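Quick notes on the structure that follows.
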Amino acid sequence: MTNTTTLRASGGPNWSHRLKDAGFWAEWAALVGLLVLVIVFQALNPTFLSPGNIASMLVAAAILVILAVGQTFVIATAGIDLSIASVMTLGAVVFGQMYQAGLGLGVASLMAVVSAGAAGAVNGVIVARGKITDFIVTLGMLSAASGLALILSDGKPVTVIDPLLLRLSTTGIGIFGWSFVIAIVVAVVAHVVLFHTRFGTHLLATGGSPESATAMGISTARIKIAVYLISGLLAGLGAILLVGRIGAAEPAANTAFLLNSVAAVVLGGVSLFGGRGTIVGPFFGALLLIALVNGLTLLGVSQFYQPLAVGIVVVLAALLMRFQK
Amino acid sequence: MTNTTTLRASGGPNWSHRLKDAGFWAEWAALVGLLVLVIVFQALNPTFLSPGNIASMLVAAAILVILAVGQTFVIATAGIDLSIASVMTLGAVVFGQMYQAGLGLGVASLMAVVSAGAAGAVNGVIVARGKITDFIVTLGMLSAASGLALILSDGKPVTVIDPLLLRLSTTGIGIFGWSFVIAIVVAVVAHVVLFHTRFGTHLLATGGSPESATAMGISTARIKIAVYLISGLLAGLGAILLVGRIGAAEPAANTAFLLNSVAAVVLGGVSLFGGRGTIVGPFFGALLLIALVNGLTLLGVSQFYQPLAVGIVVVLAALLMRFQK
Amino acid sequence: MTEQPQVAEKTAQPPRDVLLSCDDVSLSFGNVRALVDVSLTLRPGEITALVGDNGAGKSTLVRCVSGIHRPDRGTITFDGARTDFHSPEDAREAGIETVHQNLALVEDLTVWQNLFLNREIVRRLGPVGLLDRRAMQSRAREMVATLAVNVPAVGSRVRRLSGGQRQAVAICRAAGFSSKLVIMDEPTAALGVQETARVEELVFRLRDEGHAVLIISHNFAQVIRLSQQVWVMRAGRCVGGRRTAETTGEEIVGLVTGAIGS
Amino acid sequence: MTEQPQVAEKTAQPPRDVLLSCDDVSLSFGNVRALVDVSLTLRPGEITALVGDNGAGKSTLVRCVSGIHRPDRGTITFDGARTDFHSPEDAREAGIETVHQNLALVEDLTVWQNLFLNREIVRRLGPVGLLDRRAMQSRAREMVATLAVNVPAVGSRVRRLSGGQRQAVAICRAAGFSSKLVIMDEPTAALGVQETARVEELVFRLRDEGHAVLIISHNFAQVIRLSQQVWVMRAGRCVGGRRTAETTGEEIVGLVTGAIGS
Amino acid sequence: GSGGSTEAAAANGAQAAGGAAQNYAAVIKGLDNPFFQTMKQGIDDQAKTSGATVTVQSANSITDTTGQADKLNGLAGQDFSCYIVNPISGTNLIQGLAKLSMMNKPVVNIDSPVDPTAAKSANVKLATYVGTDNREAGKMAGQRMTEVLPSGGDVAAIGGIAGDVTSGARIEGFHQGVGKNVKVVQTVAADWDRQTALTAATNVLRAHPNLAGFFVANDDMGLGVARAVADAGKTGKIKVISVDGIKDALQAVKAGTLEATVAQYPYTIGQMGVEACQAATSGKTLPASVAAPVELVTRSTADKALASTPKPFGPYEDPYKALTQ
Ligand SMILES: Nc1ncnc2c1ncn2[C@@H]1O[C@H](COP(=O)(O)OP(=O)(O)OP(=O)(O)O)[C@@H](O)[C@H]1O
Ligand SMILES: Nc1ncnc2c1ncn2[C@@H]1O[C@H](COP(=O)(O)OP(=O)(O)OP(=O)(O)O)[C@@H](O)[C@H]1O
Ligand SMILES: O[C@@H]1[C@H](O)[C@H](O)CO[C@H]1O
Ligand SMILES: [Mg+2]
Ligand SMILES: [Mg+2]
């Protein structure tokens with residue numbers, strides 16, 4: 001997957017030129033940042049790279065990676081999905097209600113994805129047909145989806161103890177937990193869709209220059225609806241993993257996921273102004289954010305100093321993206 | 001103030017043409033939305049327009065108006081200040097520490113504004129000189145400023161009972177509390193700066209087309225630093241009002257203020273892509289958001305249904321902005 | 001428009017000889033009456049020119065024909081059928097390719113991606129269609145080489161190209177796909193001498209292959225050189241049409257400036 | 001570049017007769033060598049033309065002179081002093097106004113705001129300077145009327161203007177402020193016949209008022225008509241310079257295409 | 001034995017005698033709430049007296065369920081001899097806890113309980129639980145409300161984030177505690193935020209001009225509500241009762257702006273958590289569940305409470321103390 005991306009950048013395997021290319025650095029800045037972080041943390045605390053810790057970081061990253069992929073699709077069209085985290089909450093609550101009603105894991109999972117996808121589609125239709133700014137529509141959905149989650153669950157969490165779900169979130173292949181494997185699959189598929197299908201090209205054109213895309217006969221409205229639908233569906237997938245991870249379907253907001261999903265995308269070198277996108281970047285952006293918190297925790301950085309440290313490291317990591325200019 | 005704005009739009013007082021102009025509607029959509037909301041709420045509950053309720057809505061709106069004005073300056077340059085609320089928290093904590101140390105209201109206020117302004121300036125310098133995306137820099141500052149606030153306050157609130165501050169937040173002229181009067185003054189000054197100074201024009205040019213602005217010899221870096229400085233200073237002013245309002249300086253996150261400040265700006269018809277801005281729009285956008293929550297509470301809408309209602313109304317209000325196209 | 005009957009005489013032929021016809025097309029933006037009752041026709045296998053001052057409404061008319069704007073009033077008939085394009089997609093489907101004045105390139109996509117935008121070559125793998133990047137890149141290289149002198153790499157993003165290079169890409173795109181009508185809005189404005197010559201060759205080739213071409217140009221020598229029919233617009237109106245063989249540069253200038261009344 | 005000595009003979013005059021001189025200016029973008037050892041000079045009170053194929057490097061050179069790019073190597077001397085512009089602001093301060101090919105207008109600002117961008121008229125009220133909108137609007141109306149035929153309202157946003165109307169605004173802006181050198185990158189490319197004539201008048205007027213003008217154009221008739229000196233670029237190099245009076249359109253075409261070797 | 005923790009110093013010698021210095025980890029809730037600051041203080045103080053070191057980590061906010069889980073996972077990979085956890089929800093830490101149980105590490109659950117069914121099915125073994133019953137705390141507040149409103153009246157409840165478990169339990173308890181004459185007419189969510197609570201209470205007061213009292217789910221919000229009541233000029237007339245017992249609230253009770261607070265003593269909970277770890281690591285059998293002290297602080301007991309804060313002023317049971325000796 002990673003190879004294809006670089007080949008894409010300028011159509012030839014000339015590495016010395018590649019290294020001088022700004023776009024290349026933008027795409028890989030998050031990886032470079034991650035590597036620097038890993039080296040520093042490992043030097044300060046050898047447990048950091050222990051298999052156990054790597055495994056738990058990867059599992060912790062799975063949901064964020066999936067959301068970041070969804071967010072990438074939206075942001076590449078110059079939109080933003082502020083509702084991604086609360087749509088996930090909605091999906092989780094729907095899962096919980098179905099599961100509690102005894103409908104089983106399959107139906108519950110399906111309904112979680114369907115309901116989250118529906119919320120995403122509503123976002124898309126209002127943005128595309130109603131011609132309202134993405135920010136406001138998805139802000140409205142942020143609120144509405146958490147409201148729905150509260151109403152459906154009556155404000156109460158549902159404990160979900162399912163052996164299969166538990167295996168999903170606790171076992172895997174080697175250090176790769178199943179949930180991380182799912183995240184990898186999502187990322188690979190997303191990469192192919194973005195760079196190797198007509199839809200992907202039309203999506204980037206819609207983000208880069210909606211007028212030009214329209215003039216070339218691309219239905220930007222349909223593209224917009226599609227990306228929000230995708231974002232919703234992935235939020236639904238995230239919801240299943242979330243329920244597995246915390247063992248319950250809760251209506252409480254997952255605000256941290258919202259900002260982190262956008263941060264992963266932007267750290268991954270994707271411009272909020274649309275028209276450009278990579279999947280590799282946001283993927284490593286998500287890992288970077290997770291590794292940062294994990295490392296600071298391992299180092300025992302005091303709780304008050306952690307936000308300060310996170311802020312500084314995030315900006316330093318972004319400094320690597322300066323090469324983008 | 002309002003008159004000047006409309007005159008600006010197309011340079012003549014021809015009202016029938018004005019009403020057909022899309023830009024006009026974008027600017028006033030928030031006001032129209034507010035009026036619709038007021039009519040509905042008043043019809044459902046006559047206390048809504050009682051002088052007492054109006055007065056308390058206006059006082060509740062003061063801080064949000066001030067933050068929205070700061071956010072407007074940043075957004076008009078195609079940036080976004082995600083740190084605005086936590087910089088306000090930092091300012092409030094600095095105020096609290098100074099006040100507790102017995103330095104008096106004047107010094108405490110000054111230091112609140114200075115520290116928040118400094119945080120804003122740091123944002124600006126990193127964005128402008130470091131050439132890092134606004135989103136990441138201010139996300140970093142969001143984290144760093146709340147960390148600093150926690151460290152400075154040791155996580156504890158400081159009760160601030162100051163007679164002058166108390167008067168500021170509880171008295172006023174008629175139904176206009178002093179804090180709202182301050183917000184109005186801020187809005188008027190901001191309007192003049194945006195539309196009647198060179199700085200304002202250069203700011204809009206920077207947001208609309210940074211390359212063109214640069215080619216015309218405008219230092220976009222200086223403009224960027226200035227808008228973040230302004231946003232920081234206004235967050236500092238907001239901090240003083242916040243301390244006055246709740247009678248304490250707390251390290252609390254104030255996240256609601258962040259999303260609401262951006263929402264007010266966008267509801268006010270200002271594009272997140274920069275280059276266009278109004279102050280009237282965000283002003284009424286902020287009032288709309290406050291009136292919405294007030295009205296829903298007056299109507300006794302249940303806590304679980306409130307988020308749903310907020311979401312729907314926000315999107316409906318934005319539908320008024322369709323005219324913008 | 002008052003000119004219309006006069007021209008109609010000359011062009012009064014069986015309808016199969018009219019590819020495109022605009023009848024009383026009008027469009028206003030707020031107070032600006034960009035098009036006022038514009039009527040003109042265009043024959044298959046011919047090069048038709050559209051001239052007029054800046055702001056006369058030429059691009060606006062083109063945008064109506066290619067589905068970007070919908071006229072307030074009037075009808076557009078294409079290939080015998082009355083059209084009501086709701087989007088540029090409809091127009092492209094119907095067989096109209098356009099080189100817009102603002103180029104309509106996506107700056108952040110590469111040259112080859114722009115050339116094949118919404119016309120991508122796809123390899124089918126069962127239900128999924130994957131882009132055939134290699135095929136598109138090599139065809140793109142050929143297409144660009146026919147027009148450009150300093151040929152840009154087809155893998156570079158359009159943002160990096162010079163003014164003329166962009167123009168060449170936009171023209172390649174419109175010419176590269178079989179269509180009944182190719183519209184070019186000031187295609188050679190940014191082009192150098194050699195590139196202009198190549199575009200003119202291309203226009204002739206398109207005509208010879210049976211495409212109709214509508215070309216907008218401020219270069220009257222070029223108009224006389226290329227076209228069989230000229231239409232003149234002034235301040236939103238179509239003020240006249242001439243068979244090129246029967247007119248001169250001077251007469252056209254006169255129509256454009258209003259020295260020769262309508 | 002090998003041409004340089006030859007040309008130097010002709011232009012070898014006391015330094016006060018050279019307003020701008022580029023010496024061995026080079027600039028690469030990654031692999032693209034946009035400028036290779038470009039040397040040329042420009043006299044005050046003269047109209048100088050710069051010609052060359054698309055992608056030859058003309059706009060890149062102009063962007064170096066006006067402070068947008070900084071050359072990798074080489075020196076630029078303006079008005080007797082070696083310059084090292086760090087920004088377009090420096091260049092404007094030094095007295096260089098430029099009409100860029102991409103126009104450099106701010107689409108969301110109005111015509112008058114664009115005309116006075118960074119040159120705003122201000123009324124001082126003690127420490128604060130407030131914009132004199134009325135004065136700028138009325139002066140803008142005058143400026144635009146001199147060039148445009150279908151005059152756009154100065155209060156309308158540039159986004160709404162036709163291709164030629166934008167071009168006119170950009171030219172007005174560069175011409176409207178006293179400067180030593182006005183650079184115009186393909187100023188008449190999008191213009192109609194009448195508008196082109198007015199711009200040419202304007203260029204002459206600028207020269208007569210003592211400004212130097214550097215004009216880039218693909219229209220060799222225009223070049224011969226307007227300029228006193230022509231410089232030719234090919235594939236990033238300056239391959240020759242001629243006094244216009246001593247050359248012909250054919251020779252220039254030859255230099256541009258490489259038919260006449262360098 | 002029972003008694004004030006002033007005797008804790010005595011434990012020091014016992015611990016030193018017990019063997020090598022102990023190394024514990026604690027994961028608590030959000031750090032922007034003084035309640036948890038006090039909890040941390042209790043943990044730190046007890047650690048100092050007993051010669052143990054405790055690494056304390058906390059979630060970013062009261063909603064950060066997965067972030068908290070990540071932190072526990074980070075710490076679980078390291079060699080601590082005992083873990084203290086205060087989970088945000090009943091299940092969010094289950095995965096990390098399962099891992100700890102697998103390694104046979106003792107886990108002490110404080111404040112908010114781990115969901116027993118979830119614990120059972122994930123094979124999570126908890127050494128002990130120490131905390132307060134939030135429903136019980138709400139009930140005490142309800143009973144007090146009935147006492148101070150002998151002739152009954154309308155009251156409103158201000159909760160934390162809609163759907164929050166702790167808030168829900170307290171409000172439910174309050175409903176159970178109030179007598180027939182007292183009617184809860186409205187419940188609003190104020191996000192655990194003082195400013196939001198102030199605005200919400202102001203709005204509720206408009207809707208119910210004859211309101212006789214407020215029950216507020218924590219002290220920070222309670223102080224905001226008290227401010228709203230003061231702004232309306234009804235201090236003393238409208239009774240405000242909240243939960244937590246933070247210092248500022250005790251002072252407010254003393255000053256009469258708060259009617260009462262149900263003090264839960266996070267300091268003591270933290271202390272007892274560390275004691276429980278000491279006992280558990282020295283192989284003692286711990287009681288399954290210990291009720292932490294809860295005291296209703298009213299004007300008459302405010303002085304006493306202030307004098308002993310952050311510790312309880314009355315006697316309480318501490319079965320762990322005996323086990324550490
Ligand atoms: N979207 C729009 N909104 C408002 N006015 C517009 C819009 N598009 C075009 N106009 C106006 O309509 C008129 C005709 O514009 P058009 O672009 O069709 O001219 P043109 O003949 O193509 O000129 P040029 O030769 O300069 O390209 C102009 O006055 C222009 O300002
Ligand atoms: N920012 C850039 N990055 C990469 N390549 C560039 C950049 N700017 C220009 N180039 C390349 O440099 C070469 C010269 O471009 P330039 O714009 O100077 O040509 P020009 O002579 O002005 O052509 P035209 O007549 O088409 O305007 C072109 O090959 C172009 O693709
Ligand atoms: O017990 C705590 C405190 O009351 C805090 O104020 C909110 O969260 C609860 O869990
Ligand atoms: Mg045009
Ligand atoms: Mg050029």
Side-chain angles (χ1 to χ4, degrees), chain A residues 78 80 82-83 86 126 130-137 139-155 251 253 255 258-260 262-263 265-267 269 271-274 302-322 324-325, chain B residues 78 80 82-83 86 122 126 130-137 139-155 251 255 258-260 262-263 265-267 269 271-274 302-322 324-325:
Chain A
I80 190 163
L82 296 180
S83 70
S86 56
I126 302 180
K131 301 213 169 69
I132 309 181
T133 336
D134 304 65
F135 192 95
I136 286 294
V137 174
L139 186 69
M141 183 56 84
L142 186 167
S143 202
S146 32
L148 274 179
L150 285 169
I151 295 168
L152 286 178
S153 64
D154 197 24
T255 18
L258 165 58
L259 280 180
N260 279 342
V262 185
V265 174
V266 179
L267 274 176
S271 158
L272 287 172
F273 296 100
S302 131
Q303 49 172 0
F304 287 175
Y305 284 86
Q306 275 204 22
L308 184 62
V310 168
I312 293 172
V313 174
V314 163
V315 171
L316 286 182
L319 260 174
L320 286 165
M321 290 200 298
R322 267 194 71 156
Q324 194 172 9
K325 300 274 152 171
Chain B
I80 189 162
L82 296 179
S83 70
S86 56
V122 169
I126 301 180
K131 300 213 169 73
I132 310 181
T133 337
D134 304 66
F135 192 94
I136 287 293
V137 174
L139 185 69
M141 182 56 84
L142 185 168
S143 202
S146 31
L148 274 180
L150 286 169
I151 295 169
L152 285 179
S153 65
D154 197 24
T255 17
L258 164 58
L259 280 180
N260 280 341
V262 185
V265 174
V266 179
L267 274 176
S271 157
L272 287 172
F273 296 99
S302 124
Q303 53 165 349
F304 291 172
Y305 283 87
Q306 275 208 22
L308 183 63
V310 168
I312 292 172
V313 174
V314 163
V315 172
L316 286 182
L319 260 173
L320 287 165
M321 290 200 297
R322 267 195 71 155
Q324 194 172 9
K325 301 273 151 170

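Just so you know, these numbers come straight off a predicted model, no measurement behind them. We name chains A, B, ... by the order of the sequence lines, and we start the count at 1 in each one.
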side-chain contact (heavy atoms from CB on, under 4.5 Å) between B:Phe304 and A:Asp154: does it pass, once the steps are laid out?
-> CA-CA 8 Å; B:Phe304 291 172; A:Asp154 197 24; 3.6 Å; yes
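In this structure, no portion of B:Ala145 lies under 4.5 Å from any heavy atom of chain A. At a 4.5 Å heavy-atom cutoff, the contact between A:Ala78 and chain B is made by backbone and side-chain atoms alike. Residue B:Val313: no heavy atom, backbone or side chain, is found under 4.5 Å from chain A. When heavy atoms are compared at a cutoff of 4.5 Å, B:Asp134 does not approach chain A at all.
Looking at heavy atoms from C-beta onward, A:Leu142 lies in side-chain contact with B:Leu259 at the 4.5 angstrom threshold.
Between B:Leu308 and A:Leu148, the shortest heavy-atom contact is CD1-CG, 4.0 Å. Listed here is the closest heavy atom pair of B:Ile136 and A:Ala263: CD1-O, 4.0 Å. Closest approach of B:Val266 to A:Phe135, counting heavy atoms only: CG2-CD2, 4.0 Å.
Between atom CG of residue A:Leu267 and atom OG1 of residue B:Thr133 there is a gap of 8.5 Å, rounded to the nearest 0.5 Å. Of the inter-residue distances, the one linking B:Leu139 atom CG with A:Asn260 atom CG reads 7.5 Å to the nearest 0.5 angstrom. To the nearest 0.5 Å, the span separating CD1 on A:Ile151 from CD on B:Gln306 amounts to 11.0 Å.
Residue B:Tyr305 places its OH atom among 12 or fewer non-hydrogen atoms of other residues, nucleotides or ligands, all under 6.0 Å distant.
A:Ser143 places a side-chain N or O within 3.5 Å of a backbone atom of B:Pro307 that can act as its donor or acceptor partner.
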